[in-house]
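This report refers to the structure that appears directly beneath it.
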There are 4 protein chains.
Amino acid sequence: MGRNAMSDEEKEGRRRVLLAAAHRLYRERGVLPPVADIATAAGLAKGTVYLYFRTKEKIFVALLEDALGSLFARLLPALDRLPRGGRDTAKAFADHYVRLIADSADLLPLAALANAVLEQNLPVEPMRRFKTGLARALGQAGRHLEQRTGLAPGGSGETLLLHTYSLTLGLWQALSYPEPLRALLQEESLRGLARDFEPELHIGVHRLWLGYFAA
Amino acid sequence: MGRNAMSDEEKEGRRRVLLAAAHRLYRERGVLPPVADIATAAGLAKGTVYLYFRTKEKIFVALLEDALGSLFARLLPALDRLPRGGRDTAKAFADHYVRLIADSADLLPLAALANAVLEQNLPVEPMRRFKTGLARALGQAGRHLEQRTGLAPGGSGETLLLHTYSLTLGLWQALSYPEPLRALLQEESLRGLARDFEPELHIGVHRLWLGYFAA
Amino acid sequence: MGRNAMSDEEKEGRRRVLLAAAHRLYRERGVLPPVADIATAAGLAKGTVYLYFRTKEKIFVALLEDALGSLFARLLPALDRLPRGGRDTAKAFADHYVRLIADSADLLPLAALANAVLEQNLPVEPMRRFKTGLARALGQAGRHLEQRTGLAPGGSGETLLLHTYSLTLGLWQALSYPEPLRALLQEESLRGLARDFEPELHIGVHRLWLGYFAA
Amino acid sequence: MGRNAMSDEEKEGRRRVLLAAAHRLYRERGVLPPVADIATAAGLAKGTVYLYFRTKEKIFVALLEDALGSLFARLLPALDRLPRGGRDTAKAFADHYVRLIADSADLLPLAALANAVLEQNLPVEPMRRFKTGLARALGQAGRHLEQRTGLAPGGSGETLLLHTYSLTLGLWQALSYPEPLRALLQEESLRGLARDFEPELHIGVHRLWLGYFAA
DNA sequence: TATGAATGAGAATTCATTCAT
DNA sequence: CATGAATGAATTCTCATTCAT
């Protein structure tokens with residue numbers, strides 16, 4: 001670990017190390033970990049974290065940005081490979097999308113936390129960057145979707161994707177249970193809520209898309 | 001009833017006073033208020049709160065329970081008045097549902113907080129009660145829906161309602177912005193995300209139901 | 001240590017215990033001690049301090065207030081016993097005043113810190129109270145002085161006392177040395193600054209008053 | 001002079017650049033700025049600052065030294081132009097001195113900070129240098145004063161100047177208010193303390209000198 | 001000499017919860 | 001039942017200083 005000037009790549013590397021540490025701890029604990037813990041987990045000192053992220057919230061936004069970014073990166077090619085016709089499209093998308101989401105394990109818990117975390121101590125600037133990126137990605141993906149499937153009018157591709165994402169997020173929240181609650185799901189009286197997220201997501205997204213292509 | 005023992009009604013009254021205070025403070029501040037503030041707002045002492053709710057999380061669960069309960073109470077009659085045919089059903093439900101949601105202003109922020117709050121310090125028992133109640137209400141409403149509209153097979157009414165709720169929750173989270181972020185929504189680059197919740201919800205729910213009835 | 005309601009006197013007692021602890025630590029270390037240390041020294045927990053002083057600065061202001069208050073309390077009777085004639089007055093006051101100051105050991109270090117401490121994190125409200133009290137005490141003392149000695153015109157008593165206090169404070173700062181510097185004062189080259197505060201104060205105040213009564 | 005070694009002038013130049021930066025930032029913010037900021041403002045790296053000042057306190061002492069040095073540099077000629085007679089001397093000096101002080105804007109805030117700053121982390125060696133210089137300047141100025149005005153006995157010139165400086169410093173502290181407190185000065189109850197520093201200083205110094213020359 | 005990345009001690013404050021009266 | 005004083009764990013962020021290059 002040199003003490004002198006770092007190239008941009010090295011800096012970016014450190015950033016990623018910190019993000020990875022935060023990410024791991026978050027996964028393990030289900031709560032945004034204290035900065036001190038992130039530092040330790042990354043093999044660095046507390047103060048060092050603040051050389052890379054000026055506030056704790058920025059770490060969170062960066063995490064979210066990463067997760068959403070990689071979802072979109074994989075979504076675009078998927079959209080471009082969709083069949084044209086209505087019913088097939090819905091089915092094909094649902095199939096692919098559920099796999100995509102299953103692979104982006106951390107996106108949803110993170111996104112679900114966003115409101116709660118950011119209500120408390122909002123980092124406006126990074127948040128703008130994040131939302132801008134999201135808006136652009138959504139618009140772009142919407143256009144891909146429209147071109148490929150002929151969905152009309154203009155803008156409905158974006159809308160459909162926003163609703164798809166919303167359904168995903170909401171479903172995840174409704175069906176995700178903290179560990180100590182899982183056991184309860186066996187009980188007869190809770191059957192109605194003991195559903196697996198992925199099949200459920202498949203059904204919902206499928207139906208939602210059917211609705212859009214039927215309309 | 002003697003002077004010493006408190007009747008159940010009195011107890012329940014106190015409970016409701018506390019809940020109302022918590023509710024109001026939450027609405028005003030957008031954050032779960034400290035227990036001390038709830039006590040003061042209810043005209044009680046801090047310690048007294050703990051005679052009615054053993055932890056702060058229980059207050060939160062009770063709040064959520066109330067909000068969801070009243071949503072369901074109004075949902076049932078609405079379902080019973082739905083038209084039979086497919087396309088009409090979707091439209092009629094969406095119309096009514098959006099109004100219902102608009103009237104249940106606090107449900108969504110509260111529900112959106114649930115994951116974050118409960119991950120931290122979970123009160124298993126009250127949570128079980130809550131989830132059980134929810135499961136029952138959902139099942140009941142699902143059956144009403146199926147009977148009224150002929151939606152089949154059995155269980156799909158419940159599923160549809162769950163997905164409808166999920167879409168609502170997700171959409172709310174995607175489109176709700178903490179005050180300081182609102183200003184940014186004017187910017188051109190954020191247009192795609194500057195949508196009004198209610199019309200958007202109407203479109204989404206309408207399409208989702210169309211999908212279910214078309215399937 | 002009871003856990004239930006405390007009378008106002010008991011509360012005031014606790015406040016004084018905390019103040020005394022802060023006072024002692026400050027004297028020992030020459031620096032405003034951390035809140036944690038004050039708490040420990042007072043036999044209380046950290047959080048308890050905040051039940052009595054909402055911020056650390058308020059502790060400081062309270063300390064200062066006490067010190068100045070007790071100075072004025074003793075100043076007033078002294079002024080009332082002053083001889084009428086000019087030259088005598090100056091001498092008599094200087095004699096008495098120096099003794100007074102010598103007895104108010106903590107006032108000066110505290111007052112000397114005020115600017116530095118308060119520039120950083122100002123508690124406006126308690127500061128207003130403090131300054132208001134000071135202004136009143138000064139005015140009252142000024143009037144006593146004028147009545148007793150015939151000093152004119154109106155207001156010059158207050159002015160003289162303000163200047164006296166200023167000279168005291170400035171002199172203390174010029175002549176007070178942190179421990180590790182004391183040794184150096186023996187050196188020949190520092191003779192000019194190796195003066196004892198009290199005699200020096202006597203000379204200065206005496207001359208200042210002479211100037212006022214001569215004018 | 002080769003490319004490697006830095007000449008003394010170059011070194012001294014760097015030192016002055018750093019001091020000027022610290023000075024400016026201090027004036028702008030009213031607080032001793034962090035070393036990192038001083039470095040940036042001087043166009044240097046943080047580490048570099050430590051090649052010129054071993055601790056932050058040394059920067060502070062150097063600043064103070066400068067300010068006092070330039071005050072004395074202008075005081076000496078002023079003393080040499082003083083009239084001989086008693087009453088006139090006091091008046092003439094007060095006139096001149098107040099202007100001098102008004103022009104040395106930074107001396108007083110800096111000096112007022114000295115006790116607080118130096119109590120914490122004292123740099124003995126530079127402090128000795130500073131105090132020695134001050135003692136010499138004071139002695140020299142005192143002799144000038146005595147020679148010019150005939151003030152006796154020997155040493156009283158030095159004393160008078162020390163007291164004059166003390167009065168100045170104390171008065172400044174008593175009458176200087178951090179920005180957020182300024183507003184309060186309008187209030188009736190604070191009138192007694194809402195005095196302008198310069199006229200007040202003039203009165204005080206005038207009287208003090210009268211006292212010395214009358215004695 | 002100069003750099004600037006890394007360090008980590010340090011401090012203030014909040015707040016859920018307990019429990020003696 | 002009700003009170004409210006006391007607790008102390010928990011957490012963020014700052015900044016002087018060091019030192020490998």
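So you know, we letter chains A, B, ... as the sequences are listed, proteins then strands, and number each from 1. Keep in mind that this is a model prediction, so the values were computed, not measured.
Picking from F/dT3, F/dT12, E/dT1 the nucleotide with the shortest atom distance to the side chain of A/K46 gives F/dT12. Here E/dG4 is the nucleotide among F/dT7, E/dG4, F/dT11 with the atom lying nearest to any side-chain atom of D/A45. When distances run from any side-chain atom of B/L44 to the nucleotides E/dT17, F/dT17, F/dT3, the shortest one goes to F/dT3. With distances taken from any side-chain atom of C/V35 to the nucleotides E/dT13, F/dA16, E/dA5, the minimum falls on E/dT13.
Here the options are C/R129, C/K131, C/K58, the test is salt bridge (Lys or Arg N to Asp or Glu O under 4.0 Å), and the partner is C/E65; only C/R129 passes.
Residue order along DNA chain E, read from the 5' end via each residue's closest nucleotide, puts D/G43 first among A/T48 and D/G43. Comparing C/K11 and D/T55 by the nucleotide of DNA chain F that holds the closest heavy atom to each, the one mapping nearer the 5' end is C/K11.
Between D/F53 atom CZ and F/dT17 atom C1' the separation is 16 Å, expressed in whole Å. Atom OH in A/Y52 sits about 8 Å away from atom C1' in E/dA6, given to the nearest Å. Distance CZ (A/R54) to C1' (F/dT14): 13 Å, rounded to an integer number of Å. Atom OH of C/Y50 is separated from atom P of F/dT7 by 15 Å (rounded to the nearest Å). Atom CD in C/E10 sits about 17 Å away from atom P in E/dA20, given to the nearest Å. Going from atom NZ of C/K56 over to atom P of E/dT14 covers 15 Å, rounded to whole Å. In this entry the distance linking CD of A/E57 with P of F/dT12 reads 9 Å, nearest Å. What separates CZ of C/R15 from P of F/dA5 is a distance of 15 Å, to the nearest Å.
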For DNA chain F, the expected dot-bracket line (Watson-Crick or G-U under 3.5 Å, [ ] crossing, | inter-strand) is .||||||||||||||||||||
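Taking the charged nitrogens against the carboxylate oxygens, C/R14 and C/E10 have no contact shorter than 4.0 Å, which rules out a salt bridge.
By the side-chain contact (heavy atoms from CB on, under 4.5 Å) test, B/Y50 is found to be paired with B/V35, residues two or more places apart in sequence or in another chain being considered. In this structure B/R24 satisfies the salt bridge (Lys or Arg N to Asp or Glu O under 4.0 Å) test together with B/E28, sequence neighbours excluded. Checked against side chain to side chain donor-acceptor pair (under 3.5 Å), A/R15 has no partners two or more places apart in sequence or in another chain. Residues passing the side chain to side chain donor-acceptor pair (under 3.5 Å) test with C/S176 are D/N115, sequence neighbours excluded. Residues meeting the salt bridge (Lys or Arg N to Asp or Glu O under 4.0 Å) test with B/R27, sequence neighbours left out: B/D106. Take C/E9 and apply the salt bridge (Lys or Arg N to Asp or Glu O under 4.0 Å) test, not counting sequence neighbours, and it matches no residue.
Listed pair D/R14 / E/dA2 meets the phosphate criterion, a side-chain N or O lying under 4.0 Å from OP1 or OP2.
D/Y177 contributes no side-chain N or O that, together with a main-chain N or O of D/L184, makes up a donor-acceptor pair within less than 3.5 Å.
For the segment residues 18-33 of chain C, no residue has any heavy atom less than 4.0 angstrom from an atom of DNA chain F.
Residue pairs meeting the salt bridge (Lys or Arg N to Asp or Glu O under 4.0 Å) criterion with at least one member in residues 37-55 of chain B, sequence neighbours excluded: B/R29-B/D37.
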